[in-house]
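Notes for the one structure printed next.
Letters A, B, ... are given to chains in the order of the sequence lines, protein chains preceding strands, and every chain is numbered from 1. Predicted model, so just to flag it, every value in this text is computed and none were measured.
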Amino acid sequence: KAGVTQTPRYLIKTRGQQVTLSCSPISGHRSVSWYQQTPGQGLQFLFEYFSETQRNKGNFPGRFSGRQFSNSRSEMNVSTLELGDSALYLCASTTGLDEAFFGQGTRLTVV
Amino acid sequence: DAKTTQPTSMDCAEGRAANLPCNHSTISGNEYVYWYRQIHSQGPQYIIHGLKNNETNEMASLIITEDRKSSTLILPHATLRDTAVYYCIVRVGGAGSYQLTFGKGTKLSVIP
């Protein structure tokens, strides 16, 4: 079966801009989570969506937001980009019971 | 979720067993031990999880102590492709929110 697909794979944005990242989960998975990975802070949980509702949220400012569509696809948005938002953004999908499947990530560079 | 403690790094000779320890002394009765690994710049990959019994799958074995305060992930015959950062994570089981709290993990280097 197809894995978790994240688009785009690489992105370069300028400070102050906004960006939208997309994640297509494995078919049948209703839970989609987002993580940010930086060299300094490691892997940090951003938020989780389940059946189009945000079920959990990490400790990130309101500039980070997300949504989930009826087909379980999810997007995350970062507004007013800062240099510190440069990171690998990872999406994971799961049925919610056992293992989570991660995508290859979107590498965001803010200049 | 309970906090975990892992060594920063470990080396293992190719073909030998890699034993990666993890301490989770504050684990609760309904918390499972999960192991994920991340090969450089890729998304994390699930390896195995367990509650209190030892578990084995095609990738690894998980040994959990009787008091559940620590566990060991065993890769029986390490290969160069097993070089990665290994994360031990504790989370509440069941169908609730699926949030993984990653620590710094153990960087395993498999040496030829």
Practice task
Measure distances from B/Y32 to the heavy atoms of chain A and classify the residue's part below 4.5 Å as side chain, backbone, both or neither.
Solution key: neither
Let me check something: do [X] and [Y] share a hydrophobic cluster, defined by ILVMFWY side-chain heavy atoms less than 4.5 Å apart, either directly or through other members?
X	Y	result
A/F60	A/L108	yes
A/W34	A/V19	yes
A/L46	A/F50	no

Exercise for the section: May I ask you to check whether A/F45 and B/F102 place their ring centers less than 6.0 Å from one another? Expected result: no
Completion exercise
When rounded to the nearest 0.5 Å, the distance separating OG1 of A/T94 from OH of B/Y46 is 10.0 Å
Fill in the blank from the handout: Output for pair (A/R55 CZ, B/S97 OG), nearest 0.5 Å, gives 5.0 Å
Is it the case that more than 12 heavy atoms not belonging to [X] sit under 6.0 Å from its [atom1] atom?
X	atom1	result
B/R16	CZ	no
B/D67	CG	yes
A/K13	NZ	yes
B/I111	CD1	yes
A/R15	CZ	no

Practice task
Select one option (side chain, backbone, both, neither) describing which atoms of A/Y35 are under 4.5 Å from chain B's heavy atoms.
Solution key: side chain
Completion exercise
Bottom line for A/L43: the part with an atom under 4.5 Å from chain B's heavy atoms is both
Practice task
Using a 4.5 Å cut-off on heavy atoms from C-beta on, say whether the side chain of B/Q38 contacts that of A/Q37.
Solution key: yes
Handout entry: Flag side-chain contact, heavy atom, 4.5 Å: B/P44 against A/L90
Key = yes
Fill in the blank from the handout: Most contact-rich option vs chain B, by heavy-atom pairs under 4.5 angstrom, among A/R107, A/Q44, A/Q104, A/E99, is A/E99
Handout entry: Best-contacting candidate, A/D98, A/N56, A/T95, A/V4, against chain B by heavy atom pairs under 4.5 angstrom
Key = A/D98
Problem - Minimum heavy-atom distance A/S31-B/Y98, with the two atoms named - result: OG-CB, 4.3 Å
Handout entry: Among the listed options B/G43, B/G105, B/G103, the residue most often paired with chain A at heavy-atom distances under 4.5 Å
Key = B/G43
